[in-house]
Amino acid sequence: MATIDLAHVGKNLVKSADTGESVELRSLWQDQPVVLFFLRRFGCQICRWMASEISKLEPDLQASGVALVGIGPEDVGLKEFMEGGFFKGSIYVDEPKKCYKDLGFKRYTALSVVPAALGKKVRDVAAKASAEGIKGNFSGDLLQSGGILIVAKGGEKILLHFIQDSPGDHVPLEDISKAVGVSAKVKSGQKPVTLGLT
């Protein structure tokens, strides 16, 4: 795991998808712990599935005072992503990709992206996404990888830092819950239960 200087990374600016306002990354963990989900691309089928998967934790995170934030590397595909309702937390954009670089999220090369995209992990997640009716496209930066950063309130410490090796790599929901000390009712791959009021 790369050594991360939270004070340094925290000064990077990210743009709110809702307001267009730029804020320092550290403002997201200033008053509460935060789960930062760094997407590869907003149009990526696998990223959309991962976003919907991690969103299953949102009610439990919110009830425990933990923020859920998604960050993408560009505006390309953002509108469609938001309209698709794939992610339940706040969404920001890091166009200069400074956070991605500082957190060690690698960039593929034109040669390395093809085998990575055709690997078994990617095929398995793509099959899950397709089974749930989640589609994607190839618009935007195809070479950026992502990951997760979970930070304690006030930037006191890093609770989890995960860097994708393959585009299909993701953190199980149970590990995210454990990192923030939240008892989640949902497990990875489980469909959320909606209770209808009668």
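Nothing fancy with the numbering, it's 1 onward along the sequence. The shown structure was predicted, so the numbers you read here are calculated from the model rather than taken from an experiment.
- Side-chain contact between Leu160 and Ile176 is absent, with no heavy-atom pair separated by less than 4.5 Å.
- Ring pair His161/Phe105 is tilted by interplanar angle, where 30° to 60° counts as tilted.
- In this structure Gln45 satisfies the side-chain hydrogen bond (donor to acceptor under 3.5 Å, both in side chains) test together with Ser130, sequence neighbours excluded.
- In this structure, the side chain of Gln32 engages the main chain of Leu28 through a donor-acceptor pair within 3.5 Å.
- Cluster annotation: Phe38 and Val23 are assigned to the same hydrophobic cluster (Ile/Leu/Val/Met/Phe/Trp/Tyr, side-chain heavy-atom contacts under 4.5 Å, transitive).
- Taking all atoms of both residues into account, the shortest heavy-atom contact from Ala17 to Leu78 is CB-CD2, 3.8 Å.
- Shown here are the side-chain hydrogen bond (donor to acceptor under 3.5 Å, both in side chains) partners of Glu80, two or more places apart in sequence or in another chain: Arg48.
- The salt bridge (Lys or Arg N to Asp or Glu O under 4.0 Å) pairs that include a residue from residues 107-118 are Arg107-Asp141, where partners are two or more places apart or lie in different chains.
- Nearest heavy atoms, Gly65 versus Pro33: O-CD, 3.4 Å.
- Contact of the Cys44 side chain with the Leu39 side chain is not registered, since no non-hydrogen atoms from C-beta on lie closer than 4.5 Å.
- Partners of Lys79 by salt bridge (charged side-chain N to carboxylate O under 4.0 Å, His left out), not counting sequence neighbours, listed by chain and number: Glu83.
- Atom OG of Ser166 sits about 7.5 Å away from atom CD1 of Ile46, to the nearest 0.5 Å.
- Here the straight-line distance linking atom CG of Leu159 with atom CD1 of Ile148 works out to 12.5 Å at 0.5 Å rounding.
- To the nearest 0.5 Å, atom CG of residue Leu36 and atom CD1 of residue Ile71 are 5.0 Å apart.
- Between Asp18 and Met82, the closest side-chain pair of non-hydrogen atoms falls below 4.5 Å.
- Legend: ring-ring contact (aromatic ring centres under 6.0 Å, His included) pairs involving residues 51-85, not counting sequence neighbours, sorted by first then second residue: Phe42-Phe81, Phe81-Phe86.
- Residues Val35 and Val180 meet the side-chain proximity criterion, which asks for heavy atoms closer than 4.5 Å.
- Remark: Ser139 pairs with Asn137 by the side-chain hydrogen bond (donor to acceptor under 3.5 Å, both in side chains) rule, at least two apart or across chains.
- With contacts defined as side-chain heavy-atom distances shorter than 4.5 Å, the pair Leu103/Ile4 qualifies.
- Contact annotation: the side chain of Leu13 approaches that of Glu24 to within less than 4.5 Å [non-hydrogen atoms, C-beta and beyond].
- Here Lys120 pairs with Asp124 under the salt bridge (charged side-chain N to carboxylate O under 4.0 Å, His left out) rule; sequence neighbours left out.
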> Where do Ile150 and Val171 land on the side-chain contact (heavy atoms from CB on, under 4.5 Å) test, with the steps shown first?
Replying inline: CA-CA 11 Å; Ile150 302 178; Val171 178; over 6 Å; no

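- Tyr108 OH to Gln164 CD: the interatomic distance, rounded to the nearest 0.5 Å, is 6.0 Å.
- Taking 4.5 Å as the limit, every side-chain heavy atom of Asp60 sits out of range of all side-chain heavy atoms of Ser177.
- Connectivity analysis of hydrophobic side chains (ILVMFWY, heavy atoms under 4.5 Å, direct or indirect) links Leu142 to Phe138.
- The CE atom of Met50 sits 6.5 Å away from the CZ atom of Phe37 when rounded to the nearest 0.5 Å.
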Less than 3.5 Å apart, which donor and acceptor atoms pair up between the side chains of residues 87-96 and the rest of the protein, not counting sequence neighbours?
from  : atom 1 : to     : atom 2 : distance (Å)
Lys88 : NZ     : Gly85  : O      : 3.1
Asp94 : OD1    : Lys97  : N      : 3.2
Asp94 : OD1    : Lys98  : N      : 3.3
Asp94 : OD2    : Lys98  : N      : 3.2
Asp94 : OD2    : Cys99  : N      : 2.8
Asp94 : OD2    : Tyr100 : N      : 3.4
Glu95 : OE1    : Lys15  : NZ     : 3.4

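- Residue pairs that meet the salt bridge (Lys or Arg N to Asp or Glu O under 4.0 Å) test with at least one member in residues 156-169, sequence neighbours left out, are Lys106-Asp165, Lys121-Asp169.
- A salt bridge (Lys or Arg N to Asp or Glu O under 4.0 Å) check over residues 35-44, counting only residues at least two apart or in different chains, returns nothing.
- Applying the ring-ring contact (aromatic ring centres under 6.0 Å, His included) test to pairs two or more places apart or on separate chains, none has a residue in residues 111-135.
- Ile54 CD1 to Leu68 CG: the interatomic distance, rounded to the nearest 0.5 Å, is 5.5 Å.
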